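Quick caveat: nothing in here was measured; it's all calculated off a predicted structure.
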Amino acid sequence: NKVSNVQQFNVQFQQQLTNNTALSVGYIGTRSRNLIVYYNLNGGTLSPNTVASPCPISGRTLGNCYPGVGSVIVRDDQGRSNYDSMQIQLERRFSKGWQYIVAYTLSKTEDNGEGAFDKAGNTGLNYIEPFATSRLDYPHVFSFQTVYDLPYGRGRTYGSDIPRALDYIIGGWSLNSIFRAQSGNPFDVRFNNRLVNLIGDPYTGQRTPYLNRAAFSTTGAAATAIGSLERNSLRSPATYQWNLGISKNFNFNDTTRLQFRTEAFNILNNIQWGNPNTDLNNASTFDGFGTIRGTAPFSNRQIQFGLRLEF
C-alpha cells in the first residue's frame, strides 16, 4: 500500500482592535490521501463507479472471484478526505480580571471511508463509499469562553485593604464559563447496508418522530443499486451546552493558598439529542424508525467539587 499522507495549510489575518483585544480571521484546510479503506474483494457489485477493485484472476467475475472462500476483506489505500474551514476568533487577553474568547467555525469535511469503522467493509459487496460528507462533519461551531475575577478582596479593585477575615468571605472569587453550540451529527439511512432512495422531505419538523418514513424508499436500493440518498446527508438536532465554574481562593500567606472549586457541566441540563432510529423495518411508534430516544453520552448535567492546597 502507498504511504498515507496529510497536507495542511492556512492563511490568517489578525487585527488588534484595542490594547487587550484582537480579531483573527483565517482559512484552514487539510488534504489527506492514500488513507486506509476496506472492501470485500469476493463481494458482488452495485455499479461500475463504486467497484473498489476488479477480480485479479482472469476469467472470474466479481462476486465469485474466489469460489467457496466467503468474504475476502482487503485493506487498501484508496481513501481520501478534505477539510476546508473559515475560522473567526475575537480574543481579549486577561486584563483587569477579565478574559474571553469568542470563536466561530464554518467548515466542510468530506471523505470516502472511515477506515476500520467503515460501514462498507462488511456489506458483502466489492464496494467503497462514494466521496461525500464525512461522519465527522460539523459545519457550524460557535463557542464562548470566559474567565472573570470578581473585583472584591485583597489585591483586587475594591476592598484591597479589608481585614483578612472578611477577605476569606467576600474576596478571591472567580467565575469561568464555556458555552458551545454546534451542528448535529451527520448520518444516513440504509437498507441491507445500502443507501436508500430519498423521495421527499426527510424531516417532520418535530422532535419525534424526527424523520418522515414516507420520504424513504427501498426500491432499487434493496436489490442491486445504491439509492439516491447521499452518504451522511442527514443531520440530527443541533446541540447547545453551557458549563459554569466558580472558584474561591483562600490566601493564608505569600506561599500558601487553598482553592475551592465547583464546576457544573451542562448546567441547564439541556437535552443533547442523539441520532434517530434508522431501521426501516421497525414500525414502532415509540422507538421505531425516525424516533429519537437517545442522547449524547455523558451529556446530562454533572456537578463536581474540588479542593487544592498550594504551598
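Between E263 and R261 there is a salt bridge, with a side-chain nitrogen of the basic residue lying less than 4.0 Å from a carboxylate oxygen of the acidic one. Taking the charged nitrogens against the carboxylate oxygens, D111 and R231 do have a contact shorter than 4.0 Å, which makes a salt bridge. Under a 4.0 Å N-O distance rule, the pair K2/D76 does not qualify as a salt bridge.
A continuous path of hydrophobic side-chain contacts links L90 to I88 [ILVMFWY only; heavy atoms under 4.5 Å]. A continuous path of ILVMFWY side-chain contacts below 4.5 Å connects I246 to L150, so both sit in one hydrophobic cluster.
Within the 3.5 Å criterion, the main-chain N or O of D287 finds a donor-acceptor partner in the side chain of N277. Judged purely by atom type and a 3.5 angstrom limit, S85 uses its side chain to pair as donor or acceptor with the backbone of I28. The closest donor-acceptor contact from the side chain of N212 to the backbone of P202 lies at 3.5 Å or more, if one exists at all. Listed for the N197 side chain is no donor-acceptor partner under 3.5 Å among the backbone atoms of T218. Judged purely by atom type and a 3.5 angstrom limit, N34 has no side-chain atom pairing as donor or acceptor with the backbone of S4. A donor-acceptor contact shorter than 3.5 Å is absent between the side chain of T146 and the backbone of I178. In this structure, S32 contributes its side chain and R80 its backbone to no donor-acceptor pair below 3.5 Å. In this structure, T278 contributes its side chain and V189 its backbone to no donor-acceptor pair below 3.5 Å. Side-chain atoms of N251 never come within 3.5 Å of backbone atoms of R257 as a donor-acceptor pair (strictly under, hydrogens ignored). Of the possible polar contacts, one joining the T204 side chain to the Q206 backbone as a donor-acceptor pair under 3.5 Å is found.
Among the candidates D137, N185, T133, the single residue satisfying the side-chain hydrogen bond (donor to acceptor under 3.5 Å, both in side chains) test with R235 is D137. Here the rule is side chain to side chain contact (heavy atoms under 4.5 Å, CB included) with Y39, and of R75, Q78, E129 only Q78 fits it.
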- Message: I'd like to know whether N10 forms a side-chain hydrogen bond (donor to acceptor under 3.5 Å, both in side chains) with Q8, so could you lay out the CA-CA distance, the side-chain angles of the two residues, the decisive distance to 0.1 Å, and finally the verdict.
- Response: CA-CA 7 Å; N10 68 84; Q8 297 176 321; over 6 Å; no

- R194/D188 under salt bridge (Lys or Arg N to Asp or Glu O under 4.0 Å): CA gap, chis, key distance, verdict: CA-CA 10 Å; R194 305 170 191 181; D188 50 45; over 6 Å; no

- Task: Output, in order, the C-alpha distance, side-chain angles, deciding distance and verdict of side-chain hydrogen bond (donor to acceptor under 3.5 Å, both in side chains) for N275 and Y210.
- Result: CA-CA 9 Å; N275 290 352; Y210 184 70; over 6 Å; no

- Item | Verdict with supporting geometry, E310 and R308, salt bridge (Lys or Arg N to Asp or Glu O under 4.0 Å) | CA-CA 6 Å; E310 300 178 4; R308 185 173 70 178; 2.8 Å; yes

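A 4.5 Å side-chain heavy-atom check between P209 and P276 finds every atom pair outside the cut-off.
Aromatic ring pairs are classed by plane angle as parallel below 30°, tilted from 30° to 60° and perpendicular above 60°; the pair H140 and Y104 is parallel. Under the 30°/60° scheme for interplanar angles, the aromatic rings of Y100 and W98 are found to be tilted.
With a 6.0 Å radius and a threshold of 12 heavy atoms from other residues, nucleotides or ligands, R293 has its CZ atom above the threshold. Counting non-hydrogen atoms of neighbouring residues, nucleotides and ligands closer than 6.0 angstrom, the CZ atom of F298 reaches no more than 12 such neighbours. The local environment of OH in Y66 is crowded, with over 12 non-hydrogen atoms from other residues, nucleotides or ligands closer than 6.0 Å. With a 6.0 Å radius and a threshold of 12 heavy atoms from other residues, nucleotides or ligands, F131 has its CZ atom above the threshold. Within 6.0 Å of NZ in K96 there are 12 or fewer heavy atoms belonging to other residues, nucleotides or ligands.
Sequence neighbours left out, not one pair with a member in residues 255-280 passes ring pair (Phe, Tyr, Trp, His ring centres under 6.0 Å).
Distance check, rounded to the nearest 0.5 Å: CG of N266 to OH of Y240 gives 13.5 Å. A distance of 6.5 Å separates CZ in F9 from CG in D84, rounded to the nearest 0.5 Å.
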Throw together a table of side-chain donor-acceptor distances under 3.5 angstrom for residues 11-20, partners on residues two or more places apart or in other chains.
{"from": "Q12", "atom 1": "OE1", "to": "Q14", "atom 2": "NE2", "distance (Å)": "3.1"}
{"from": "Q16", "atom 1": "NE2", "to": "T18", "atom 2": "O", "distance (Å)": "2.9"}
{"from": "T18", "atom 1": "OG1", "to": "N20", "atom 2": "N", "distance (Å)": "3.3"}
{"from": "T18", "atom 1": "OG1", "to": "T21", "atom 2": "N", "distance (Å)": "3.1"}
{"from": "T18", "atom 1": "OG1", "to": "T21", "atom 2": "OG1", "distance (Å)": "3.1"}
{"from": "N20", "atom 1": "ND2", "to": "S95", "atom 2": "OG", "distance (Å)": "3.2"}

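F216 and F289 have their aromatic ring centers within a separation under 6.0 angstrom.
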